[in-house]
*Asks:* 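First the structure, then my questions, so here it is.
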Amino acid sequence: MRASDFLREAEALPLVPLEALVPEGGVLVLAPHPDDESLGCGGLLAAMAAAGRPARVVVMSDGAGSHPNSRTHPGPVLRELRREEAIEATEELGVPPPLFLDLPDGDVPVAGTRFEEAVLAVIAAAEGLGTIAATIGLDPHKDHEATWAIAKEAAGRAGLRLLGYPVWSWRHLYPAMAPVAPAEVPAPPRGMRLDVSAQLETKRRAVMAHRSQVTRLIEDDPSGFILSPAVLSVLVRPFEVYLEEAA
């Protein structure tokens, strides 16, 4: 089917409670960058915490590339700031602080030694859990695509269930989020929409904890990345989409 219709159809998937999406066990969320855990899975993580069920986060990259022209926040400073923001966000969601793999922003691997190391780290982090959730391969960012590849490899080796979640694929709602879309995908979306209406304000607070990404906190790089209100209106809604075959 046409990729432009994929997420449009995903918005019609069944709306379900947590128990239907994750009937048992825990969840490991893989975030390509600090903030993707809140943007894509904040509701899921908050719901798991409220239910007293285990949930963990692995942040794949250091996020240090969002403001490359800043003199006040060069790479090492921004790396530490984004780490602090992610810790604050996960605390808001009620889950443990993330495991940070600190891969270079923009260079999460898709093969080779570093890929293998990332796969093994994910398998170790998922011990005792039954499900991995990672950004879908359709997300038009190479770190998101690489995170999906790592998740697929780790889930396959460990015999874990794999769910894909979209962050930058909502082309039909906000075309600038996905300026380059794949021509087609193999099949219509399969999965569920998780009802996160009860967790929506918690998710919103977690997203806003990433101040370097949602405000002009870093003033000396006006061209730096920022999540605009228009983008946030797409990503912070009363449901989250989780796909069973997403790439």
Side-chain angles (χ1 to χ4, degrees), residues 1-18 20-22 27-47 57 60-61 108 110 131-152 155 161-200 203-204 206-207 210 213-214 225-247:
M1 67 178 300
R2 291 170 55 189
S4 59
D5 295 329
F6 187 81
L7 267 292
R8 192 191 308 273
E9 292 199 12
E11 289 189 291
L13 289 169
L15 186 65
V16 302
L18 176 65
L21 179 70
V22 188
V27 173
L28 180 69
V29 169
L30 304 188
H33 311 96
D35 71 8
D36 288 314
E37 81 297 325
S38 299
L39 294 167
C41 300
L44 170 60
L45 290 167
V57 175
M60 309 300 285
S61 81
V108 177
V110 295
T131 299
I132 295 176
T135 44
I136 63 173
L138 288 177
D139 264 10
H141 189 298
K142 59 184 180 180
D143 287 343
H144 289 226
E145 296 166 356
T147 296
W148 178 247
I150 290 167
K152 287 209 306 184
R161 183 181 180 215
L162 178 61
L163 296 174
Y165 66 90
V167 175
W168 295 115
S169 304
W170 296 104
R171 184 178 177 84
H172 69 288
L173 295 175
Y174 193 76
M177 292 180 71
V180 179
E184 61 181 66
V185 292
R190 292 181 51 207
M192 304 175 193
R193 288 183 302 142
L194 178 65
D195 182 357
V196 299
S197 54
Q199 292 79 35
L200 189 59
K203 173 173 177 168
R204 194 184 312 276
V207 169
H210 294 278
Q213 307 301 296
V214 298
F225 177 82
I226 188 169
L227 288 156
S228 69
V231 169
L232 291 175
S233 70
V234 173
L235 296 174
V236 184
R237 293 189 283 172
F239 65 85
E240 294 171 349
V241 170
Y242 292 93
L243 302 167
E244 294 176 311
E245 295 181 2

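Quick caveat, the model's predicted, so the values are computed rather than measured. Keep in mind that the numbers below use all heavy atoms, side chains included, and drop hydrogens, waters and symmetry copies.
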*Asks:* List the residues meeting salt bridge (Lys or Arg N to Asp or Glu O under 4.0 Å) with R193, not counting sequence neighbours, and say none if there are none.
*Replies:* none
*Asks:* From Q213 CD over to L227 CG, what is the distance, rounded to the nearest 0.5 angstrom?
*Replies:* 6.5 Å
*Asks:* Just say parallel, tilted or perpendicular for the rings of W168 and H144, cut-offs at 30° and 60°.
*Replies:* tilted
*Asks:* How about F239 and L13: do any of their side-chain heavy atoms sit closer than 4.5 Å?
*Replies:* no
*Asks:* Can a cation-pi geometry be assigned to R8 and W170, taking NZ or CZ under 6.0 Å from the six-membered ring centre and within 45° of the ring axis?
*Replies:*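 Verdict for W170: no cation-pi partner in R8.
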*Asks:* Apply side chain to side chain donor-acceptor pair (under 3.5 Å) to S197 and list each qualifying residue two or more places apart in sequence or on a separate chain.
*Replies:*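 Checked S197 against side chain to side chain donor-acceptor pair (under 3.5 Å); matches are D195.
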*Asks:* Has the side chain of T147 got a donor or acceptor atom that lies under 3.5 Å from a matching backbone atom of T135?
*Replies:*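 Pair absent, no side-chain N/O of T147 close to backbone of T135.
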*Asks:* Name all residues meeting the side chain to side chain donor-acceptor pair (under 3.5 Å) criterion together with S169; count only those two or more places apart in sequence or in a different chain, and write none if there are none.
*Replies:* D139
*Asks:* Salt bridge (Lys or Arg N to Asp or Glu O under 4.0 Å) with D35: which residues, sequence neighbours excluded?
*Replies:* R82
*Asks:* With a 4.5 Å limit on heavy-atom distance, are the side chains of L21 and L44 in contact?
*Replies:* yes
*Asks:* Under the side chain to side chain donor-acceptor pair (under 3.5 Å) rule, collect the residues that match up with E9, sequence neighbours excluded.
*Replies:*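 E9 satisfies side chain to side chain donor-acceptor pair (under 3.5 Å) with no residue once adjacent residues are dropped.
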*Asks:* Taking only residues two or more places apart in sequence, or in another chain, which ones meet E240 in a side chain to side chain donor-acceptor pair (under 3.5 Å)?
*Replies:* K203, Y242
